[in-house]
2 protein chains.
Amino acid sequence: MALADPSHPTCTAARYAEGVQGGYSPNVPTNRKPRVTIDQVAQATGVSRQTVSRAINNKTEIDPETRQRILDAAQAMGYRPSRFARGLVRQDLITIGLVIADVLNPFFPEVTAGVLEAAERRGWQVVVYNTGSERRKELEVVDMLFDQVDAGVAFLLHHDAIAKATAGNLPFVLLDKGGRAPAVPGVRIDFEGGARRGLEYLIGRGHRRIAMLDDEAYLSAEAPNTRRELYLKVMGEHGIPVDINWIQPAHNSIDGGAAAMERLLSAHRDVTAVFAYNDLIAIGAQLRARALGLRVPEDCAFLGFDGLSIGELVEPPLTTLHIDKRRLGEIAVEQAALLLGGMSEDEIPEAVIEPQLIVRASA
Amino acid sequence: MALADPSHPTCTAARYAEGVQGGYSPNVPTNRKPRVTIDQVAQATGVSRQTVSRAINNKTEIDPETRQRILDAAQAMGYRPSRFARGLVRQDLITIGLVIADVLNPFFPEVTAGVLEAAERRGWQVVVYNTGSERRKELEVVDMLFDQVDAGVAFLLHHDAIAKATAGNLPFVLLDKGGRAPAVPGVRIDFEGGARRGLEYLIGRGHRRIAMLDDEAYLSAEAPNTRRELYLKVMGEHGIPVDINWIQPAHNSIDGGAAAMERLLSAHRDVTAVFAYNDLIAIGAQLRARALGLRVPEDCAFLGFDGLSIGELVEPPLTTLHIDKRRLGEIAVEQAALLLGGMSEDEIPEAVIEPQLIVRASA
DNA sequence: AATGTCTCCGTGAACGCTCACGTGAGCGGT
DNA sequence: ACCGCTCACGTGAGCGTTCACGGAGACATT
C-alpha cells in the first residue's frame, strides 16, 4: 500500500560489500585524475590535434592506418573528448530539463515517457529532476535549470517557483499550467470539464452525498486548487448541499488516500460516493473502505482522476477521468521546441488536454 | 491491464490547439536566435566581461549599483551563460547517464528514485535514456553516453551493448550485472538465492507442478537467462520432474503475463503454481487466471519477483521476492562515484542485493 | 608629501575542441 | 617541364567562460 512511499517496511537487508560499506566516502572528490586532452593524444602519436579529431569523429581525409593507430592510443591513454569543449563549438547539442514531483507516483513516468520519446525524436537529451512538490526543492531545481539546460519542461506547484522560472531567459514550458499562469507557455489540463463530467456522472447515477478527497499539498501551496473549487461549484450548480467536512485532505499517495478515507468514514459513514483528487488517493480510499467492510460500488462508489493503469488492477477496477499523460509530455516538448526556435511566448498555441471519463466498475 | 503498454486503448481525444497542430514543424530548427554572450552584455553596459561575470555569479569586488545595472541589462538582452563555456573552465560539473529499459515498468521508477537521490546528494545531474530493451536502441544509447556524460549507470540486456559500453574509457556501472560480466563494476542481484527461496517456499507448501513464465526478451538477447536456468536447477535438485512446456515466454508486461497464462492453461491446466519472471508478468497471469475462473491460491498459486508496490493492489495480494530497487540505484551511483574518483574497475567492492521473500496471499 | 590600504574594475591566458583554411607530397596528363 | 588534382595532414582562429593577476582611484595614516 506504499506506492508512493519510499520507506517500504518490508524491504530490508540489502547486503552490500559487507564491512566495506564505509569505504564509500560520501562526498570527498578523492584523487580525480586529470583529463587527457586531444593534444596529449596528438603528441603521443606524433600527429596534430586535427588528425586526432578526424580519427575520433570518424571523418574522412585520414589514412585508415593512422586512424587505427590514433584510436588505439586514445583508448590506451583513456582519452574521451570533453563534451563542454565540443558543445562550445558545435551549437546543436540540446539538453532540456524535465522537472517532476515524484518518480514514484505513476502519473509521472507516463509523462516522462512522452517527454523522452519526443526529445529523442529531436535528438535532445533530457535531465530529470525530482522536487517532491517541496517549495524549497522546486526553487532549488529552477536555479539548477538555468545553469544546466537549454529549456525547461516542468511540473511546478508553488507560484514563486513558477515566477522564478518564467522570469529568466530560459525557454520554459509548464506541464499542467492549470489556469494559474496564463502568460506562460504550457499545457492546460481541463480539470473543469473533467470534474464536471465526473461529478455529473455520479449525480446522474443518483448520488447526492458525494465526498471529496483532496490533495493536501495544495493547502500549503498558494496555487488555486481548481479541483476542490470545481467540486463545490458543480455541486452548487446542481443544488446539492455540501457538508464541508465531506472534504478531507489526503497525502498524495495510496496510504494517504486510505487514511483520509478512514477519517471520512469515522465522521460521515453516510456518503455514497467519493470523488478523489487523483487515482492514487482513490485507490487507497477504496482499498480501505473495502477492508472496513463496505461494498464497492453498492455502499460507496469511487471516482478517480488521472486514469492510471494501476486503476485496472484493484477490485473493482477504478472508474476515473483519464488524462493522456504521454501526450501531455509530448506537447510540452513540442512547445519547448517552438520556444527554442525563436517563437515568442505569447505566440505559442494554446494546448488543452481533455480528461475522458472511463467507466470501469467502482462507480 | 496495459501497465507497460503505451498505446492505451481508452486514451483518446486529447485536443491540442485544434487546427494549429500542423504548426508544429517536427524537426525544422527554424530561425534560432544567436546566443547573447557575456561580451555583448559587457559592451552594452560599458564594463568588462569580468565585471559582468561578477554580477552574474554573485561575487564580490563589484559595486552593488553596477551589479544591478548589469543584471537588468542581461535580463533585458536575454543573456544566459553558456553551460559549455562554463563547464570547460570549471571542471566540477558532473552529469551521469541513467539507462533504463522502460519508464513505464514500475521497476524502473524505483531504481530511478534511488539514482536521482544519490546523484542529488552529490550535486550531479542525471540524464535519462530509455531503451525498451531493444538491441539497436541499447547500442545507440551507449554511443550517446560516451559523448554526453561523465559516467554511465545502465540497465543493459544485450551483451554487445555491454561490451561496447565497457570497452570505452567511460566510467560505467551496470545495474543488475547478473553474473554475465564479472569484470565490470555493477550491482549483482542474487537471483539464485531469491529463486531458490521462492521455489523452496512453493515446494514446501506442497507444490510439484510449478510452471514458469519467462521474459521473452531474454530469448532474443544472448545473455544467460539466469532465472530460467535457476528454475530448472532448483527443481532438479529437489527431484521434481519438469515438463518443458511449463515454461512459457511472456512479454514483459501485465498483458504479456495474461497472454502467457492463457497459453499455459490451455495446455497444462494441472499446474498448481506459477513462478513468474517478475511481478508484472505474475500480476497479468493471476488476473487472467481469476478471470478464467481459477481460485488463487487454492487452484493455482502465484509467485512474483521484484516486489513491486502494485503487487499489493491485486486480489489476492501478490507473494513475491522483493528487491530493494531504490538501494540498487543508490549503490550504482556510489560505485560510479568511486570510478570517477579514480578507482580502478577491479577495486570496486562487490555489491549484492538479496531478494527477500514477502509472503502476501497469492502463494 | 609619501606611503599604505581599500574598493572596484580590466586584461591576458587558459579550458579542449572543431572549422575553415593552407600545405606539401605524389601522380597522371599535356 | 608545367599544370592540375587528390590525398593526408597541419595551423590559426574562435567558441564563451572563469581565473589569476594587475592597476587606477579614493581615502586614511605616518
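Numbers restart at 1 for each chain; the letters A, B, ... are given by sequence-line order, proteins then strands. The structure displayed is predicted, hence computed values, not measured ones.
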Is the shortest side-chain N to carboxylate O distance from [X] to [Y] below 4.0 Å?
X: K164(B); Y: E140(B); result: no
X: R121(A); Y: E117(A); result: yes
X: E330(A); Y: R327(A); result: yes
X: R122(B); Y: E334(B); result: no

Completion exercise
Exactly one of R90(B), R86(B), R80(B) clears salt bridge (Lys or Arg N to Asp or Glu O under 4.0 Å) with D147(A), and that residue is R86(B)

Problem - Degree of bending in the helix from dA1(C)-dT30(D) to dT30(C)-dA1(D) once both end axes are built from five pairs, to 10° - result: 60°

Fill in the blank from the handout: Heavy-atom closest pair (A73(A) atom, T45(A) atom, distance to 0.1 Å) is CB-CG2, 3.4 Å

Problem - Between C1' of dG10(D) and CD of Q43(A), the distance in whole Å - result: 15 Å

Practice task
Just jot down the salt bridge (Lys or Arg N to Asp or Glu O under 4.0 Å) partners of D39(B), sequence neighbours excluded, or say none.
Solution key: R49(B)

Practice task
Produce a footprint string for nucleotides 5-18 of chain C: one letter per nucleotide, 5' end first; B if the base is under 4.0 Å from any protein heavy atom, S if only the sugar-phosphate is, - if neither.
Solution key: ---BBBBBB-BBBB

Practice task
Output, in order, the C-alpha distance, side-chain angles, deciding distance and verdict of side-chain contact (heavy atoms from CB on, under 4.5 Å) for T37(B) and Q40(B).
Solution key: CA-CA 5 Å; T37(B) 74; Q40(B) 295 175 30; 3.5 Å; yes

